[in-house]
K.L.:
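I'd like to ask some things about the structure below.
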Amino acid sequence: MSEKNNKSILEKMGESQVWKSIIRSGVPRTRRQRMHAILGSVFLHLHPARLPKHAVKVGYTWCMGGLSFFLFVNLTITGILLMFYYRPTVEYAFTDIIDLSEQVPLGIMRELHRWAAHSMVLIVWLHMVRVFMTGSYKPPREFNWGIGVILMTLTMLLSFTGYLLPWDQLAIWAVTVGSNMARATPFLGNEGPGASLLAIGDINLVHVGSDVRFALLGGRFVGEATLLRFYVLHCIAIPFVAMIFMAVHFWRIRKDGGISGPL
Amino acid sequence: MSDQKEIVAPRAAVGSVSKSRKTSMERRSFFSWLALGWLGFAAATGGFFTVIIRYLFPNVLFEPPQSFKIGFPEDFAPNSVDIRYKKEFNAWIVRDDESIFALSTVCTHLGCTPNWLATDNKFKCPCHGSGFRMTGIHFEGPAPRPLERFKIGLANDGQVLVDKTKSYKWEKGEWENKDSFLKV
Amino acid sequence: MNLVAIKSAIDALSAPTISFTILTVIFPFIFPPSDWFEKIHRKTGLWRMWTKPGGVIGMILITAFFVIGYFDPYFNKTLTKADNFPIVLMIYSMWFYIWLGMFKAYRNDIRIEQGLKPEEYNDPDDKVLVWPDLVYIEFICLILFQVFLIVWSILVAAPIEEPANPAATPNPSKAPWYFLGLQEMLVYYDPWIAGVLLPTFIIVGLMAIPYMDINKKGDGYYSFKERRVGMFIFMYGWVVLWLFLIIIGTFFRGPNWNFFGPFEYWDTHKVEALTNVNLSEILWVKWLNQGLPSNILIREGLGFVITGLYLFVLPVILAKTYLKDMYAAYGPTRFVSLMTFGLVMLALPIKMYLRWIFNLQYIIAIPEWFFNI
């Protein structure tokens with residue numbers, strides 16, 4: 001480095017036209033630039049530009065909400081990569097899963113996905129415990145707590161639908177036990193209370209072939225159609241719904257006055 | 001809106017009566033058209049979702065055949081449970097002192113498949129521990145009712161024919177039905 | 001002390017009847033909901049759980065349990081199943097974070113008693129910038145967690161069992177671990193309650209918490225004393241009726257869904273007397289010495305009366321007597337919803353005890369209509 005040019009490379013980059021066109025405020029050095037770094041970025045402006053001190057302490061938030069979101073993104077990416085090799089049919093599903101660790105380079109992709117999924121369930125639970133313990137559901141954040149409960153349910157459903165996809169003994173029996181509960185749904189399941197009332201003469205309207213469990217499984221038992229349905233629910237349908245609720249959740253954090261704190 | 005109406009009406013009365021009637025009629029008919037429009041929208045949306053629910057139930061199901069022959073009645077030893085048809089057809093063939101019947105292998109609690117424990121002389125479900133006697137009657141664990149029996153009869157060639165499309169429930173008194181067992 | 005004796009003691013203690021009872025009895029002394037409990041909580045030194053030594057001792061106990069378990073030939077099999085590792089993580093993390101929350105809450109309680117603001121309080125004008133203070137913390141958290149996941153993925157292979165076989169139910173068959181609480185409830189309740197009604201009540205009940213909790217205090221900082229009743233109810237539901245049932249379902253349920261102590265051999269032929277009777281059978285056959293009436297409503301009359309008394313009359317009586325002040329403060333709508341969710345939640349331990357003590361299967365048993373309670 002010559003004497004007259006004592007600016008760092010970063011600073012020089014910060015003055016270039018390309019940098020300025022992307023990150024409009026230059027290298028964030030001053031207070032003003034740093035606030036602009038947050039406000040000018042579509043991703044970072046999830047956050048406000050300034051926060052009360054307690055809000056940046058890991059001891060207060062446990063970072064659980066952020067980690068939940070991180071894991072969702074993480075699972076989306078590893079999930080997309082897994083979809084390249086996985087075919088949701090009874091014939092191929094199991095062998096494709098085996099191949100993922102035997103025939104595909106970087107054979108831990110399924111592990112990354114599965115353990116991240118288990119962690120996400122755990123971390124979403126811990127997030128709920130944190131929010132309860134700090135009383136952060138109290139007005140004006142009642143509604144957002146409700147959205148959070150829905151997101152937690154969706155997380156568990158995502159994990160549950162994914163459980164079937166390896167198509168091994170563990171998978172089909174866990175899902176058989178789980179989905180048989182739907183059979184007992186009042187009025188909508190063929191073994192639910194009230195289902196026998198929904199009949200015209202001798203003909204039952206709600207039977208094995210027409211109840212809510214059938215709609216979920218696409219058949220009378222866990223089979224080919226179920227695998228496909230759960231695959232679609234797992235990869236598209238539930239993430240789609242979860243993303244909508246996540247958008248509301250994040251937006252409401254800001255609208256309800258940012259992170260909770262003592263007055 | 002209603003305030004406006006009250007103001008408009010007397011003023012219009014000074015001028016022409018017919019004109020005021022005409023406007024209010026127009027407004028009224030506009031609202032009824034609006035109501036009709038919304039009703040139509042609601043009906044179309046409802047219809048659309050009904051069709052979507054129907055969409056979840058395909059017209060053709062590719063599942064294994066529901067009725068099958070299992071051999072002659074003499075093939076089954078008295079007081080025994082035949083577990084050969086469990087895997088393919090989800091049925092146990094039980095022969096007691098006087099009859100043969102086909103029991104469904106679906107646990108009435110949550111649909112797991114119980115195992116026949118010959119030493120204990122019972123069906124035991126591994127999921128939640130429901131136990132059933134050889135007759136299919138439940139006696140322990142959370143199962144709320146006995147196992148179901150399938151329709152059973154003799155085919156023309158003398159073989160035993162099991163038809164899974166029809167099942168008989170004990171709690172409804174259907175085990176008295178002649179098709180629910182085969183006298184031997 | 002002798003390790004075998006400790007193991008058999010743990011086996012005996014972990015039977016659901018005993019461990020669940022111990023937890024239920026001790027719980028109000030750990031999270032005291034009233035002055036009386038608080039006094040004993042202080043006297044017996046249970047409050048030390050929420051101090052630093054308490055936290056460390058908790059961690060040591062959990063670790064000791066797992067270490068003994070790891071070297072036990074039977075528990076090792078359950079413990080080292082790949083899919084059970086999340087539950088080990090769950091036990092550690094739940095203990096640590098609930099401890100952390102209570103630790104902070106107790107510090108804040110003292111501050112509030114002294115008339116100080118909670119620790120989280122800062123001058124509203126004294127804010128920090130998100131760039132770099134928060135984004136860097138988030139970035140570090142995220143990287144650390146990703147490293148943890150990668151290490152975990154390299155060390156532990158995801159479980160894969162034999163290809164699916166619809167004819168052979170594995171023994172025992174377990175739901176995914178986060179649903180094992182529900183599966184445990186299925187032992188005591190019919191599927192339509194345990195599988196449909198209770199989950200719905202859990203979700204709706206959780207969503208209703210902010211509308212039922214009218215206590216304005218404790219918003220935005222850790223605290224216990226100001227909202228001890230709410231904390232007690234939530235923690236009981238969460239720790240005992242959810243997490244503990246998951247632990248039972250994972251570690252203590254073996255073949256045929258029989259109970260096995262953690263250090264016990266999973267004997268497929270273990271026979272447990274499980275002959276259960278319905279309330280109607282107890283009433284008509286045992287007490288009145290006659291057959292069951294053919295009319296379903298008469299047969300199950302007593303069950304309907306008891307259920308009705310519990311769900312509909314009890315709240316009214318409580319509103320007029322014991323919970324009079326609460327009713328006045330809450331108003332009818334809030335009171336009714338709080339009672340509904342509270343009584344349904346309480347119905348789970350009640351049914352568990354009815355099963356354990358009287359072998360009672362159903363209070364109302366109408367298999368004809370698939371309606372069993």
K.L.:
Looking at C/L142, C/L100, C/L89, C/V204, which has the largest count of heavy-atom pairs under 4.5 Å with chain A?
P.N.:
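When all of C/L142, C/L100, C/L89, C/V204 are compared, C/L142 has the most.
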K.L.:
Under the criterion side-chain hydrogen bond (donor to acceptor under 3.5 Å, both in side chains), I'd like the reasoning laid out for A/S159 against C/Y178: C-alpha separation, chi angles, the key distance, then a yes or no.
P.N.:
CA-CA 9 Å; A/S159 193; C/Y178 38 85; 2.7 Å; yes
K.L.:
By a 4.5 Å heavy-atom criterion (distance strictly below it), what part of A/Y60 contacts chain C: side chain, backbone, both, or neither?
P.N.:
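When you check distances to chain C, atoms from both the backbone and side chain of A/Y60 fall under 4.5 Å.
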K.L.:
Does C/W177 form a side-chain hydrogen bond (donor to acceptor under 3.5 Å, both in side chains) with A/H118? I'd like the steps, not just the answer.
P.N.:
CA-CA 9 Å; C/W177 62 272; A/H118 284 324; 2.9 Å; yes
K.L.:
When you check the gap from the basic side-chain N to the acidic O, do C/D133 and A/K53 get nearer than 4.0 Å?
P.N.:
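Here C/D133 does not pair with A/K53 in a salt bridge, since their nearest N and O are not under 4.0 Å apart.
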K.L.:
Would you say the side chains of C/Q146 and A/N74 form a donor-acceptor pair under 3.5 Å?
P.N.:
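On atom types as modelled, these side chains qualify, holding a pair under 3.5 Å.
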K.L.:
Most heavy-atom pairs under 4.5 angstrom with chain C, which of A/P166, A/G192, A/G194, A/C63?
P.N.:
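Among the listed options, the one with the most contacts to chain C is A/G192.
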K.L.:
Find the distance between OH (C/Y211) and CH2 (A/W145) and round it off to the nearest 0.5 Å.
P.N.:
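Output value for this atom pair is 12.0 Å.
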K.L.:
Below 4.5 Å, heavy-atom pairs only: which of C/V196, C/V128, C/I193 has the largest tally toward chain A?
P.N.:
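Highest number of heavy-atom pairs under 4.5 Å: C/V128.
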K.L.:
Looking at every non-hydrogen atom in both residues, tell me the closest pair between A/L122 and C/P86 and how far apart they are.
P.N.:
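Closest pair (atom of A/L122, atom of C/P86, distance): CD2-O, 4.0 Å.
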K.L.:
Between C/Y121 and A/H54, is there a side-chain heavy-atom distance shorter than 4.5 Å?
P.N.:
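The answer is no; the side chains never approach within 4.5 Å.
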K.L.:
What closest approach, in Å, do A/R114 and C/P159 show between heavy atoms, and which atom pair accounts for it?
P.N.:
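Nearest pair, atom of A/R114 first, then C/P159: NE-CD, 3.4 Å.
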K.L.:
Can you tell me which portion of A/M64 sits under 4.5 Å from chain C's heavy atoms? Options are side chain, backbone, both or neither.
P.N.:
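For A/M64, the side chain is the part near chain C, not the backbone.
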K.L.:
Looking only at heavy atoms and a cut-off of under 4.5 Å, which of C/P176, C/A82, C/P191, C/G230 has the most pairs with chain A?
P.N.:
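The option with the most such pairs is C/P176.
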K.L.:
Nearest heavy-atom pair of A/A174 and C/A175: which atoms, and what distance?
P.N.:
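For A/A174 versus C/A175, the nearest heavy atoms are CB-CA, 4.0 Å.
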K.L.:
Which atom names give the shortest non-hydrogen contact between A/Q169 and C/N165, and what distance separates them?
P.N.:
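Shortest heavy-atom separation between A/Q169 and C/N165 comes out as OE1-N, 2.9 Å.
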K.L.:
Does any backbone or side-chain atom of A/R31 lie under 4.5 Å from a heavy atom of chain C? Answer side chain, backbone, both or neither.
P.N.:
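Both parts, heavy atoms under 4.5 Å.
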K.L.:
How about CZ on C/F304, more than 12 heavy atoms from neighbouring residues, nucleotides or ligands closer than 6.0 Å, or not?
P.N.:
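Enclosed: over 12 neighbouring heavy atoms sit under 6.0 Å from CZ of C/F304.
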K.L.:
Indicate yes or no: at least one non-hydrogen side-chain atom of C/Y97 is less than 4.5 angstrom from one of A/V129.
P.N.:
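A side-chain contact under 4.5 Å is absent here.
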K.L.:
Do any N or O atoms from the side chain of A/K138 and from the backbone of C/G218 form a donor-acceptor pair under 3.5 angstrom?
P.N.:
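Checking the backbone N and O of C/G218 against the side chain of A/K138, no donor-acceptor pair under 3.5 Å is found.
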K.L.:
Heavy-atom distances under 4.5 Å only: say whether A/A116 touches chain C with side chain, backbone, both or neither.
P.N.:
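The answer is both parts of A/A116.
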K.L.:
Is A/T185 in contact with chain C via its backbone, its side chain, both, or neither, using a 4.5 Å heavy-atom distance?
P.N.:
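For A/T185, backbone and side chain are both near chain C.
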K.L.:
Counting heavy-atom pairs under 4.5 Å with chain A, which one of C/K117, C/Q183, C/M235, C/M231 comes out on top?
P.N.:
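The option with the most such pairs is C/M231.
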K.L.:
Do the side chains of A/D168 and C/E162 get nearer than 4.5 Å, heavy atoms only?
P.N.:
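Not in contact.
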K.L.:
Quick one: does A/E111's side chain have a donor or acceptor within less than 3.5 Å of a partner on C/A158's backbone?
P.N.:
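Such a contact is found between A/E111 side chain and C/A158 backbone.
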K.L.:
Within 45 degrees of the ring normal and closer than 6.0 Å to the centroid, is that where the cationic atom of A/R130 sits relative to C/Y222?
P.N.:
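Geometry flag: not set, cation outside 6.0 Å or 45°.
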K.L.:
Let me know if A/I97 has heavy atoms under 4.5 Å from chain C in its side chain, its backbone, both or neither.
P.N.:
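When you check distances to chain C, only side chain atoms of A/I97 fall under 4.5 Å.
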K.L.:
In sequence, state the C-alpha distance, the side-chain angles, and the governing distance for C/D213 and A/Y137, and then conclude on side-chain hydrogen bond (donor to acceptor under 3.5 Å, both in side chains).
P.N.:
CA-CA 10 Å; C/D213 180 4; A/Y137 57 84; 2.5 Å; yes
K.L.:
For C/Y136, look at atom OH and say whether over 12 heavy atoms of other residues, nucleotides or ligands are found less than 6.0 Å away.
P.N.:
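Open: at most 12 neighbouring heavy atoms sit under 6.0 Å from OH of C/Y136.
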K.L.:
May I ask you to test the C/L134-A/I38 pair for a side-chain heavy-atom distance under 4.5 Å?
P.N.:
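No - every pair of side-chain heavy atoms lies 4.5 Å or more apart.
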K.L.:
Which region of A/F160, side chain (C-beta onward) or backbone (N, CA, C, O), has a non-hydrogen atom less than 4.5 Å from a non-hydrogen atom of chain C, or is it both or neither?
P.N.:
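Both parts, heavy atoms under 4.5 Å.
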K.L.:
Kindly give the heavy-atom pair with the smallest separation between A/P48 and C/V130, and that separation in Å.
P.N.:
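Residues A/P48 and C/V130, closest heavy atoms: O-CG2, 2.8 Å.
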K.L.:
When the ring planes of C/W152 and A/W115 are compared, do they come out parallel, tilted or perpendicular, using 30° and 60° as the limits?
P.N.:
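The arrangement is parallel - the two ring planes meet at less than 30°.
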K.L.:
Between A/V58 and chain C, which part of the residue has a heavy atom less than 4.5 Å away: side chain, backbone, both or neither?
P.N.:
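Just its side chain gets close to chain C.
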K.L.:
Does the side chain of A/M128 reach to within under 4.5 Å of the side chain of C/L206, using non-hydrogen atoms?
P.N.:
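Result yes, sub-4.5 Å side-chain heavy-atom pair found.
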K.L.:
For the residue pair C/W131 and A/H36, establish whether any side-chain heavy-atom pair is separated by less than 4.5 Å.
P.N.:
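Result no, sub-4.5 Å side-chain heavy-atom pair not found.
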K.L.:
Kindly give the heavy-atom pair with the smallest separation between A/P139 and C/D219, and that separation in Å.
P.N.:
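Distance-wise, the nearest heavy atoms are O-OD2, 3.5 Å.
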K.L.:
Is A/I259 close to chain C through its backbone or its side chain, or both, or neither, when contacts mean heavy atoms under 4.5 Å?
P.N.:
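Neither the backbone nor the side chain of A/I259 comes within 4.5 Å of chain C.
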K.L.:
Mark yes or no for whether C/W192, through its side chain, and A/M181, through its backbone, hold a donor-acceptor pair below 3.5 Å.
P.N.:
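Side chain of C/W192 to backbone of A/M181, a donor-acceptor pair under 3.5 Å: no, none is there.
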K.L.:
When heavy-atom pairs shorter than 4.5 Å are enumerated against chain A, which of C/E226, C/E119, C/E161 gives the highest number?
P.N.:
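Greatest number of close heavy-atom pairs with chain A: C/E161.
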K.L.:
Should the pair C/F234 and A/F132 be assigned to parallel (<30°), tilted (30 to 60°) or perpendicular (>60°) ring geometry?
P.N.:
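Correct class here is parallel.
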K.L.:
Is it the case that atom CZ in A/F245 sees more than 12 heavy atoms from other parts of the structure closer than 6.0 Å?
P.N.:
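No, not enclosed.
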K.L.:
Is there a side-chain hydrogen bond (donor to acceptor under 3.5 Å, both in side chains) between C/E138 and A/H47? Walk through the geometry before answering.
P.N.:
CA-CA 12 Å; C/E138 285 177 330; A/H47 293 305; 2.9 Å; yes
K.L.:
Heavy-atom pairs under 4.5 Å with chain A - which of C/P199, C/P118, C/P132 has more of them than the others?
P.N.:
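That would be C/P132.
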